[in-house]
Amino acid sequence: MKVLILGGTTEASALARAFAERGIPALFSYAGRVAKPRPQPLPTRVGGFGGVEGLAAFLEAERITHLVDATHPFAEQMSRNAVAAAERTGTALIALTRPPWEPQPGDCGQPGDRWQRVADIKTAVAALTGPPQRVLLAIGRMHLAAFATQPQHHYLLRLVDQPDSPPPLPRHTITVDRGPFTLEGDRALLREHGVERLVCKNAGGAGAAAKLTAARHLGLPVVMIDRPALPPRREAHAVDDILAWLG
Ligand code: 3Y8
Ligand code: NAP
């Protein structure tokens, strides 16, 4: 048995620890998106494979018997390639993913979530039409330019790395931080910057959830971007399910 983990999430790191503790032969893979990805207790490769072809060739060259797609729910291209390459090479495939967040209703005087669900980044941008506000964009670095058509807002940008060139947003503040985030930290962030609205992805999991709890407590509206549709594949939500699947 030799497993390849497509990583980049809290769950992928938990899985890597479980494999290392059990001596399960495995490789860990990052896309190479950020300057210093978290070190893993497994041999790690960084960078794209070169599409489905490249991944299929890698699976065969490394004699991978099991592929675990533990990438982020928004890493749509990687997940599609994993399904195609696993099929082409006859490699067993499972996804380790987390359930989407659900809006919490209010209870005993506490306000509930104020979510406006949108299908994708484009509709999230359209949802920001209106008078200037202070908006937390907690969607990372890759899609910031899309918001240039709503320049009236003051954007608070939370990024993993300091960008090499400023984003095309006339009014913005950058905060460089990597999760997992805490409720105290996110509540302080929203208060310090007078945030009036949040835009985020329905990532699920615990690593990025603190801002939603803080927003609920402060009664702030959230533009919640739904996940992209992924091809059907076997899915699990817990490390133990993956270990059971590996037998
Ligand atoms: C490179 C590798 C771990 C994994 C930690 C999780 C939690 C903290 C919260 C906010 C939301 C966001 C972003 C986020 C979180 C975890 C997880 C998660 C969101 C690292 C990491 C890599 C990335 C890539 C990065 C993206 C960006 C997205 C920032 C490591 C730290 C917004 C997603 O600068 C860039 O290009 C960043 C790109 C893809 C989304 C985007 O579109 O910009 N993640 N994040 C992975 C690789 O190279 O393969 O160093 O750990 C991992 C983590 N980021 O093991 O502890 O599990 O989700 N990551 C989102 O969820 O909306 C931040 O700010 O509130
Ligand atoms: P993506 O758009 O689905 O993937 C684009 C390309 O990046 C893939 O086709 C592949 O290149 C390469 N790639 C992606 N993940 C990889 C991995 N783990 N190992 C090797 N190559 C990988 O992916 P993304 O949204 O840019 O996410 C990139 C990484 O950041 C992933 O590891 C993901 O788990 C992590 N992440 C993403 C988000 C998010 O919001 N998107 C949030 C947290 C963490 P080739 O086609 O050349 O193989």
Side-chain angles (χ1 to χ4, degrees), residues 4-17 27-42 44-59 67-85 95-98 100-101 120-121 124 136-147 155-164 167 174-183 185-187 189-190 195 198-215 222-228 230-231:
L4 172 63
I5 301 174
L6 301 176
T9 59
T10 312
E11 291 73 16
S13 298
L15 189 65
R17 280 194 297 278
L27 281 177
F28 195 92
S29 178
Y30 277 125
R33 251 308 167 263
V34 300
K36 290 187 291 298
R38 169 196 293 268
Q40 296 293 339
L42 294 174
T44 299
R45 65 168 300 286
V46 180
F49 296 98
V52 176
E53 301 298 316
L55 178 54
F58 184 87
L59 293 173
L67 177 58
V68 180
D69 176 0
T71 59
H72 189 276
F74 280 74
E76 180 183 359
Q77 189 59 59
M78 186 73 259
S79 293
R80 289 183 176 286
N81 291 1
V83 168
L96 175 58
T97 184
R98 51 261 180 133
W101 292 314
D120 51 28
I121 296 270
L136 167 62
L137 276 190
I139 56 166
R141 172 176 61 96
M142 298 201 280
H143 306 285
L144 297 179
F147 291 83
Y155 291 103
L156 172 60
L157 309 177
R158 177 145 72 182
L159 304 176
V160 177
D161 295 322
Q162 191 64 34
D164 26 33
I174 290 176
T175 168
V176 176
D177 199 356
R178 76 168 55 206
F181 300 104
T182 64
L183 178 54
D186 278 4
R187 210 201 317 252
L189 183 80
L190 296 180
V195 171
L198 285 75
V199 179
C200 68
K201 300 173 179 174
N202 196 326
K211 60 183 176 283
L212 299 179
T213 311
V222 176
V223 177
M224 180 61 74
I225 304 169
D226 283 335
R227 297 174 172 191
L230 293 178

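Numbering of residues begins at 1 and proceeds along the displayed sequence. Counting convention: from 1, in listed order, for ligands and their atoms alike.
- Taking every non-hydrogen atom of H143 and a distance limit under 4.0 Å, the qualifying atoms of ligand 1 come out as 42 (O).
- The contact set between ligand 2 and G48, taken as ligand atoms under 4.0 Å from a residue heavy atom, comprises 11 (O), 21 (N), 45 (P), 47 (O), 48 (O).
- At least one N or O atom of A31, backbone or side chain, sits closer than 3.5 Å to an N or O atom of ligand 1.
- The closest protein non-hydrogen atom to atom 48 (O) of ligand 2 is F49 N, 2.7 Å.
- Looking at G50, A70, A82, G8, it is G8 that brings a heavy atom closest to atom 35 (C) of ligand 2.
- The nearest non-hydrogen atom to atom 24 (C) of ligand 1, considering only T175, V34, L6, comes from V34.
- When only non-hydrogen protein atoms are considered, atom 21 (N) of ligand 2 lies nearest to G47 O, 3.4 Å.
- In this structure, I121 and A146 approach most closely via the heavy-atom pair CG2-CB, 3.8 Å.
- Under 4.0 angstrom from ligand 2, there are no non-hydrogen atoms of L55.
- For atom 29 (C) of ligand 2, the closest non-hydrogen atom of the protein is A31 CB, 3.9 Å.
- A tilted orientation is assigned to the rings of F74 and H72, their planes being inclined by 30° to 60°.
- The protein non-hydrogen atom at the shortest distance from atom 60 (C) of ligand 1 is H72 NE2, 3.4 Å.
- Of the candidates R141, H143, Q77, H72, H72 brings a heavy atom nearest to atom 42 (C) of ligand 2.
- Nearest protein neighbour of atom 40 (O) of ligand 2, counting heavy atoms only, is K201 NZ, 2.7 Å.
- Interface of E76 with ligand 2, defined as ligand atoms under 4.0 Å from a residue heavy atom, comprises 3 (O).
- Under 4.0 angstrom from ligand 1, there are no non-hydrogen atoms of F74.
- For the pair D161 and ligand 1, no heavy-atom separation below 4.0 Å is found.
- Between the choices G207, G179, G8, the shortest heavy-atom distance to atom 17 (C) of ligand 1 belongs to G8.
- At least one heavy atom of G32 sits less than 4.0 Å from an atom of ligand 1.
- Residue contact check for ligand 2: R80 places no non-hydrogen atom closer than 4.0 Å to it.
- The closest protein non-hydrogen atom to atom 27 (C) of ligand 1 is G140 CA, 4.2 Å.
- With respect to atom 16 (C) of ligand 1, the closest heavy atom belonging to the protein is T10 OG1, 4.2 Å.
- By heavy-atom distance, the residue among M142, R141, R17, K211 lying nearest atom 26 (C) of ligand 1 is M142.
- Nearest-residue assignment for atom 32 (O) of ligand 2 (options A75, G32, G7; heavy-atom criterion): G7.
- Protein heavy atoms come within 4.0 Å of atom 44 (C) of ligand 2.
- Counting atoms of ligand 2 from 1 in the listed order, those under 4.0 Å from a heavy atom of N81 are 9 (O), 46 (O).
- Side-chain contact check for S29 and R45: at least one donor-acceptor pair (N or O, by modelled atom type) lies under 3.5 Å.
- Taking a cut-off of under 4.0 Å to the non-hydrogen atoms of V160, the atoms of ligand 1 that pass are 29 (C).
- Any N or O atom pair closer than 3.5 Å counts here, and S29 shares no such pair with ligand 1.
- For atom 51 (O) of ligand 1, the nearest non-hydrogen atom from the set R33, R38, Q162, E11 belongs to R38.
- At least one N/O-N/O distance between S29 and ligand 2 falls below 3.5 Å.
- The side chain of R33, and not its backbone, has at least one atom closer than 4.0 Å to an atom of ligand 2 (non-hydrogen atoms only; side chain from C-beta on).
- When the side-chain contact (heavy atoms from CB on, under 4.5 Å) test is applied to T213, the partners found at least two apart in sequence or on another chain are L183, R216, H217.
- Not one N or O on the side chain of D69 forms a donor-acceptor pair closer than 3.5 Å with the backbone of A95.
- Less than 4.0 angstrom separates some heavy atom of R45 from each of these atoms of ligand 2: 20 (C).
- Nearest protein neighbour of atom 46 (O) of ligand 2, counting heavy atoms only, is G51 N, 3.1 Å.
- Scanning the protein for heavy atoms near atom 10 (C) of ligand 2, the closest one is M78 SD, 3.8 Å.
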